[in-house]
Amino acid sequence: IEWVLCPICSNKTRIKIRPDTVLENFPLFCPKCKKESLIDVKNFEVKEVYDNGDPTTTQTYKTYLKNIKEKKIKYQQLSANDELDFGSGVKFKVFSPTKQMLKSGDDLNNNSLVGQLKYNDFTMMFTGDAEKEAEENMVKTYGSELASLVLKSPHHGSRTSSSEAFLKQVDAKTVLISLGAGNEYGHPHKQTMERYKKLGMKVYETDKNGSITITSDGSKDYKITTEK
């Protein structure tokens, strides 16, 4: 557990972060000012950073790359079909974006890294802000390979994501939605929550449940504990 200051309003916020690996950038949603910002990697002992290599012109992104370079952190850009092996039976396979999607470079949400974390028989799908277009491509390309026990809700539960075809292929029993209470976007959207309910998914939301922890021994059984 780490305490960090929101760079926008200086509110002190508690987060949980694995200190040796970061998948893409680590966003912080501040419950006070309800704004999202990028946690400066220089505040943590980070050994490896992975992202999709999709650049932006924001100062936050420039600072992110500067800190990686100054700290001499191992940096790798990932795209569909790349695989990472963290050892002890823990692996991560990337399903999206494709290299062609990255070349177009015109849709930051759909170019989000999407991949499955696998620990022996335990599986969890991480989705970033991927939307329907990226989901359709993954369903067409990978089909049943997307099946996962747990799903991190795409794009904070937005109506533009969590298409029915994608949800049916992932076939998750549990879905986790990362969002701030009373956010200006109205996440999670009613249509998305109805899709989750229709498919019998157990839903956890960080605005209602606080920090959500999943504990697995590598089997298909896993334990979920919440802050509240």
Side-chain angles (χ1 to χ4, degrees), residues 1-4 6 8-9 11-18 22-39 92 95-96 108-110 112-117 119 122-132 134-135 138 146-216 220-228:
I1 295 175
E2 298 279 354
W3 289 92
V4 297
C6 172
I8 298 173
C9 72
N11 179 55
K12 194 175 184 182
T13 302
R14 186 177 69 170
I15 63 168
K16 292 182 179 180
I17 184 170
R18 178 179 166 178
V22 173
L23 281 170
E24 207 175 270
N25 52 317
F26 196 94
L28 168 69
F29 186 90
C30 177
K32 182 178 179 180
C33 69
K34 295 182 173 59
K35 299 292 184 181
E36 188 174 89
S37 56
L38 184 68
I39 293 177
F92 187 85
F95 293 122
S96 189
L108 291 176
N109 284 344
N110 274 316
S112 293
L113 275 181
V114 179
Q116 183 189 72
L117 181 71
Y119 173 33
F122 174 81
T123 48
M124 179 171 176
M125 184 70 72
F126 290 84
T127 56
D129 282 342
E131 299 186 327
K132 185 178 179 180
E135 293 175 352
M138 287 185 283
L146 300 174
S148 303
L149 294 170
V150 180
L151 170 69
K152 180 269 176 188
S153 176
H155 203 169
H156 316 287
S158 171
R159 67 173 71 89
T160 59
S161 305
S162 295
S163 58
E164 188 167 344
F166 180 71
L167 294 179
K168 285 183 176 180
Q169 283 292 355
V170 176
D171 194 27
K173 308 304 178 188
T174 303
V175 58
L176 313 180
I177 309 177
S178 173
L179 73 163
N183 65 83
E184 61 185 295
Y185 306 103
H187 295 153
H189 291 148
K190 180 181 178 181
Q191 301 95 316
T192 303
M193 297 298 282
E194 288 176 347
R195 288 181 212 132
Y196 294 156
K197 182 178 180 180
K198 179 180 178 181
L199 294 172
M201 303 171 75
K202 174 67 175 177
V203 179
Y204 292 86
E205 303 172 57
T206 57
D207 61 332
K208 296 177 180 178
N209 302 115
S211 297
I212 303 168
T213 302
I214 300 177
T215 305
S216 170
K220 289 187 177 182
D221 294 323
Y222 55 92
K223 179 181 180 182
I224 294 182
T225 54
T226 63
E227 185 179 7
K228 56 185 178 181

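Everything numeric in this text was worked out from a predicted model, so none of it was measured.
Using a 4.5 Å heavy-atom cutoff, the side chains of Met138 and Leu146 are in contact. Counting only heavy atoms from C-beta outward, the side chains of Asp221 and Phe122 never approach each other to under 4.5 Å. Put simply, the side chain of Asp171 does not reach to within 4.5 Å of the side chain of Leu149, judged on heavy atoms. With contacts defined as side-chain heavy-atom distances shorter than 4.5 Å, the pair Phe126/Val114 does not qualify. Ile214 has its side chain within reach of Leu176: a pair of non-hydrogen atoms, C-beta onward, lies under 4.5 Å apart. Within the 4.5 Å cutoff, the side chain of Ile224 has no heavy atoms near those of the Thr213 side chain. At least one side-chain heavy atom of Val203 sits under 4.5 Å from a side-chain heavy atom of Ile177. Within the 4.5 Å cutoff, side-chain heavy atoms of Met124 are placed close to those of Lys152.
Under the 6.0 Å distance and 45° angle rule, Lys220 does not count as a cation-pi partner of Tyr222.
In summary, Glu205 and Lys208 engage in a salt bridge, as defined by a charged side-chain N under 4.0 Å from a carboxylate O.
Atoms NZ and CG, on Lys173 and Leu199 in that order, are 10.0 Å from each other to the nearest 0.5 Å. Note that CG of Leu117 and CZ of Phe92 are 7.0 Å apart. Values are rounded to the nearest 0.5 Å. The structure places OG1 of Thr215 at 6.5 Å from NZ of Lys223, a figure rounded to the nearest 0.5 Å. Distance check, rounded to the nearest 0.5 Å: OG1 of Thr226 to CD1 of Ile212 gives 7.5 Å.
Annotation: side chain to side chain donor-acceptor pair (under 3.5 Å) contacts of Gln169 (sequence neighbours excluded): none. Residues passing the side-chain contact (heavy atoms from CB on, under 4.5 Å) test with Leu108, sequence neighbours excluded: Asp54, Thr56.
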Tell me, with the steps shown, if Phe166 and Leu151 meet side-chain contact (heavy atoms from CB on, under 4.5 Å).
CA-CA 11 Å; Phe166 180 71; Leu151 170 69; 4.3 Å; yes
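A parallel orientation is assigned to the rings of His187 and His156, their planes being inclined by less than 30° (bins at 30° and 60°).
Checking side-chain atoms of Glu227 against main-chain N and O of Gly210 turns up no donor-acceptor pair under 3.5 Å. A donor-acceptor pair under 3.5 Å links the side-chain atoms of Asn110 to the main chain of Ala134, judged by distance alone. Checking side-chain atoms of Asn209 against main-chain N and O of Thr206 turns up no donor-acceptor pair under 3.5 Å.
Contact record, Ser112 with Asn109: OG-O, 2.7 Å, taken as the closest heavy-atom pair. Nearest approach of Gln116 to Met125, heavy atoms of both residues: N-SD, 4.2 Å. Between Ala130 and Pro154, the shortest heavy-atom contact is O-CB, 3.4 Å.
Among residue pairs with one or both ends in residues 157-168, those qualifying as side-chain hydrogen bond (donor to acceptor under 3.5 Å, both in side chains) are Glu131-Thr160, Glu135-Ser163, Ser158-Thr160, Ser162-Tyr196, Glu164-Lys168, Glu164-Lys198; sequence neighbours excluded.
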